[in-house]
Amino acid sequence: MEPTISLSEQREMLLETYNHASIEQLPTPSFIVDLNVVKDNCRRMLDGLEAISPDLRFRPHVKTHKTAEIVRLQLDNGRKHQSVVASTISEIRGLAPLVQDGTVKDILYGIPPTKSKIRTLAGIAQQLHQFGARLRLMIDSPVQLQFLRDYSKRHPDYGLPWLIFIKINVGDNRAGQTIAGSELTEVIKQTIIAENISLYGFYTHAGGSYSSTSFDSASEFLDKEVRSVCEASALARSILSTSEALQRRFVLSVGATPTAHTSAKAFEMTKNLFTKIMENDDLEIHAGNYAMLDMQQVATSLVSPSNIAGRVVAEVITYYSDRNEYLIDAGVLALAREPGRIPGIATVKGQRVSGERWIVGRVSQEHGIITKRSENIENVLEEPLDDATIPKSWTPGDRVILLPQHSCITSSMYQWYYVVENDIVVDVFIPWRGW
């Protein structure tokens with residue numbers, strides 16, 4: 001039985017074998033990350049938000065890629081922004097080196113905590129405190145506040161306040177309280193009066209904005225988010241005493257990749273709105289998928305396939321001439337099973353066979369079927385290739401590059417990513433796995 005090797009040893013072994021290899025030499029299926037595209041995506045977001053206002057805060061999500069290397073790009077090495085949001089405790093622990101070197105100083109655990117996780121989160125908060133960093137929690141129920149109060153009462157040596165975002169539901173019904181709901185008022189009241197609990201601000205996530213098909217429709221989601229957190233802030237001030245209400249500034253955190261792109265692209269339109277909000281509160285944008293992107297984001301019309309950094313390399317196994325389809329070695333466990341408005345489980349990147357666009361139309365556990373795409377959606381796909389460069393067919397052994405529908409899920413299928421520049425491997429990233 002082979003001894004267990006560490007992730008760093010695993011990375012070194014992979015680099016020894018594949019450093020400077022072309023994507024044609026990689027084992028399949030593999031997940032590749034185009035480093036220059038990630039850098040461009042991160043820089044474009046930072047520059048766009050800075051153009052709106054230098055006072056605008058930014059909190060990137062780490063769940064799409066789960067790597068320290070890409071977090072550094074999202075935060076520009078912590079030169080200005082040092083806040084992130086994570087979806088798992090594993091991700092928070094993975095951020096430890098960035099906390100230790102000062103790149104990350106503020107971590108939001110991005111789902112309301114279960115009772116069983118409170119002890120673990122308390123331990124993490126104490127560890128972060130030693131490095132001058134903070135852990136924030138997301139709350140959407142009085143029950144969760146009671147969990148926190150009970151823990152602090154049973155562990156008086158814990159010694160830290162719980163720093164709270166209240167989650168607002170803006171219509172996607174995933175988590176959070178609606179502005180019109182009676183429970184929101186109760187959550188705010190209990191947060192304000194409770195000992196050892198500090199209300200930091202209000203948080204929305206416009207998950208519904210993934211259904212946007214234009215700049216205008218994404219802007220409507222952004223407007224709804226902003227109005228919702230402003231109403232929540234006003235509600236909190238109505239509960240506070242007059243003197244406290246005048247002095248208190250909340251952090252209003254809004255975003256999802258489509259609405260964040262809308263903010264960055266329309267800074268002249270959003271600048272006045274955001275500036276007005278920031279007279280009384282601090283405004284924060286959050287987004288995560290933007291660093292990698294995928295066909296789901298392409299369907300919003302706010303980005304193009306050339307912006308997709310994370311891709312899957314697969315190999316053609318068989319061509320079936322009777323049905324004009326190809327068998328490849330990438331299925332559910334390589335791509336996930338999430339068709340979107342752009343048809344297929346994934347899109348074959350940048351090439352046509354016999355003048356047609358191709359998609360992964362069907363998947364089984366370990367293999368998939370490349371089929372011809374019948375729908376006409378050329379407006380969201382890349383420029384047609386020169387006819388001379390379009391292969392007439394693939395043959396067994398050929399590599400195909402697949403653009404995933406949802407990179408957050410597809411990337412989580414892989415133990416490591418091959419990082420490429422100009423389709424040549426230059427590094428290996430080991431993502432944080434587990435819960």
Side-chain angles (χ1 to χ4, degrees), residues 45-61 80-85 106 108 110 136 138-140 163-172 176-181 184-185 187-188 191-192 198-209 212 215-240 242-288 290 302:
M45 181 64 72
L46 289 170
D47 289 348
L49 297 177
E50 183 70 17
I52 298 173
S53 170
D55 296 324
L56 190 62
R57 300 186 182 196
F58 182 50
R59 184 185 295 271
H61 209 309
K80 178 175 181 180
H81 304 288
Q82 293 143 351
S83 301
V84 297
V85 54
D106 188 309
L108 170 63
R136 304 194 190 278
M138 184 180 292
I139 296 296
D140 69 353
L163 309 175
I164 301 302
F165 266 114
I166 294 177
K167 179 68 182 292
I168 306 299
N169 178 3
V170 290
D172 56 5
Q177 297 291 342
T178 60
I179 288 295
L184 177 60
T185 301
V187 173
I188 294 174
T191 304
I192 288 173
S198 175
L199 177 57
Y200 183 65
F202 299 92
Y203 186 103
T204 67
H205 175 71
S209 65
S212 303
F215 175 88
D216 288 342
S217 60
S219 297
E220 291 175 7
F221 283 101
L222 176 63
D223 180 68
K224 186 174 184 178
E225 280 195 282
V226 171
R227 284 189 289 105
S228 294
V229 290
C230 286
E231 289 179 30
S233 173
L235 178 58
R237 283 194 170 82
S238 72
I239 297 170
L240 290 166
T242 302
S243 60
E244 288 179 301
L246 291 173
Q247 296 173 18
R248 194 68 179 270
R249 291 181 71 88
F250 295 112
V251 174
L252 310 183
S253 191
V254 302
T257 288
T259 54
H261 278 144
T262 300
S263 301
K265 286 188 173 185
F267 70 88
E268 287 300 334
M269 182 178 71
T270 56
K271 189 171 186 176
N272 291 336
L273 171 64
F274 287 1
T275 300
K276 183 173 178 58
I277 293 169
M278 289 188 287
E279 291 175 0
N280 299 312
D281 291 307
D282 294 314
L283 190 61
E284 177 182 271
I285 301 293
H286 57 257
Y290 75 94
L302 299 172

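Computed from a predicted model, the values in this text were never measured in an experiment.
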Close side-chain approach of [X] and [Y], heavy atoms under 4.5 Å:
{"X": "Val251", "Y": "Phe165", "result": "yes"}
{"X": "Phe221", "Y": "Pro258", "result": "no"}
{"X": "Leu252", "Y": "Ser233", "result": "yes"}
{"X": "Ile179", "Y": "Leu184", "result": "yes"}
{"X": "Leu235", "Y": "Glu231", "result": "no"}
{"X": "His286", "Y": "Leu108", "result": "no"}
{"X": "Ser53", "Y": "Phe274", "result": "no"}
{"X": "Ile166", "Y": "Ile188", "result": "yes"}

Between [X] and [Y], which heavy-atom pair has the shortest distance, and what is it?
{"X": "Val229", "Y": "Ser253", "answer": "CG1-O, 4.3 Å"}
{"X": "Val254", "Y": "Leu283", "answer": "CG2-CD1, 4.5 Å"}
{"X": "Thr262", "Y": "Ala218", "answer": "OG1-CB, 3.1 Å"}
{"X": "Asp172", "Y": "Gly207", "answer": "OD2-N, 3.2 Å"}
{"X": "Pro60", "Y": "Tyr290", "answer": "CB-OH, 3.6 Å"}
{"X": "Val85", "Y": "His61", "answer": "O-ND1, 3.1 Å"}

Can you measure from [atom1] ([X]) to [atom2] ([Y]) and round to the nearest 0.5 angstrom?
{"X": "Thr259", "Y": "Glu220", "atom1": "OG1", "atom2": "CD", "answer": "13.0 Å"}
{"X": "Phe202", "Y": "Glu284", "atom1": "CZ", "atom2": "CD", "answer": "13.5 Å"}
{"X": "His81", "Y": "Arg59", "atom1": "NE2", "atom2": "CZ", "answer": "11.5 Å"}
{"X": "Tyr200", "Y": "Leu163", "atom1": "OH", "atom2": "CG", "answer": "9.0 Å"}

Any Lys/Arg nitrogen of Asp281 or Arg237 sitting under 4.0 Å from an Asp/Glu carboxylate oxygen of the other? yes

Listed by chain and number, what are the salt bridge (charged side-chain N to carboxylate O under 4.0 Å, His left out) partners of Arg136, not counting sequence neighbours? Asp106

Sequence neighbours left out, what passes salt bridge (charged side-chain N to carboxylate O under 4.0 Å, His left out) with Asp47? Give chain and number order. Arg43

